[in-house]
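Quick notes on the structure that follows.
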Amino acid sequence: MDADITQRRGDVLARIARAAALADRPPPTLIAVSKTHPATAIAPLLAIGQRDFGENRVQEAADKWPALREDHLEAVLHLIGQLQSNKADEAVALFDVIHSVDRLSLVAALARAMDKAGRRPDCFVQVNIGEEAQKGGCAIADLPHLLAQARVADLPVVGLMCIPPADTEAAPYFALLATLARDEGLTGLSMGMSDDFETAAMLGATYVRVGSALFGARG
Ligand SMILES: *Cc1c(COP(=O)(O)O)cnc(C)c1O
């Protein structure tokens with residue numbers, strides 16, 4: 001019954017390990033992106049030892065995860081989608097890592113929420129690495145200021161995250177994100193999805209976010 005998911009996860013982990021080894025880097029942590037998938041599809045992955053999961057909506061995660069976590073206290077939950085400031089309290093309560101910090105107002109809202117909750121999830125600043133008009137993420141030119149403000153607000157920023165432009169070679173964007181992080185003294189890199197996680201692993205990703213290669217296509 002769970003043979004497929006076991007096989008797919010094994011394949012993805014092997015591909016990550018191989019790519020990282022080729023570049024002589026440690027393999028990134030696999031985040032299983034479980035957005036849109038029901039708890040019944042997630043439980044088998046937890047059962048075979050998958051620890052890190054990604055969701056893109058606070059409400060969906062709040063509906064699915066408290067019950068799943070009762071049996072799996074080890075689960076680490078990552079918010080990978082855009083976050084509205086008015087959901088900051090809920091996000092801080094629910095998630096262990098937030099990958100989508102992208103503007104000053106959200107830095108302020110998260111800092112307030114963390115102070116209130118006495119809980120400080122690790123944060124990644126999402127960069128609009130392809131400078132796309134419709135895309136979320138902080139503009140490259142605004143990154144130094146946003147990071148400075150995040151430090152002032154005592155936000156635990158551990159790295160940078162990006163989603164490269166669709167239908168183009170991702171490698172130059174991953175390399176640019178790695179350079180930006182290095183220049184800012186940040187070691188975390190959240191980059192790479194189902195189509196390009198091996199490239200990301202070779203270019204220094206510390207987290208890859210993989211959905212459809214694990215779960216199959218989203219309905
Ligand atoms: C959905 C999503 C993913 C996973 O995408 P796949 O192509 O299914 O692997 C990764 N990162 C973000 C931010 C996403 O929204």
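As the structure lists them, so they are numbered: ligands from 1, and atoms in each ligand from 1.
Taking a cutoff of 4.0 Å between a charged side-chain nitrogen and a carboxylate oxygen, Asp96 and Arg119 qualify as a salt bridge.
Residue Val210 approaches ligand 1 through these ligand atoms, each under 4.0 Å from one of its heavy atoms: 9 (O).
Nearest to atom 9 (O) of ligand 1 among the protein's heavy atoms is Ser194 OG, 2.5 Å. Nearest protein heavy-atom neighbour of atom 13 (C) of ligand 1: Ile80 O, 3.4 Å.
For Tyr207 against Asp52, the heavy-atom pair with the smallest separation is CE2-OD2, 4.1 Å.
Counting only residues at least two apart or in different chains, side chain to side chain donor-acceptor pair (under 3.5 Å) contacts with residues 156-172 are absent.
In this structure Phe215 satisfies the ring-ring contact (aromatic ring centres under 6.0 Å, His included) test together with His37, sequence neighbours excluded.
The part of Ile163 lying near ligand 1 is the side chain, judged by heavy-atom distances below 4.0 Å. With a 4.0 Å cut-off on non-hydrogen atoms, His99 does not touch ligand 1 at all. Neither the backbone nor the side chain of Asn56 comes within contact range of ligand 1; no heavy atom lies under 4.0 Å.
Two residues are said to be in side-chain contact when any heavy atoms from C-beta on lie closer than 4.5 Å; Ile80 and Glu55 fail this criterion.
Ligand 1 has a nitrogen or oxygen under 3.5 angstrom from a nitrogen or oxygen of Gly211.
Between Phe53 and Trp65, the ring-plane angle classifies as tilted under the 30° and 60° cut-offs.
Evaluated by nearest non-hydrogen atom to atom 2 (C) of ligand 1, the leading choice among Arg209, Met193, Lys35 is Lys35.
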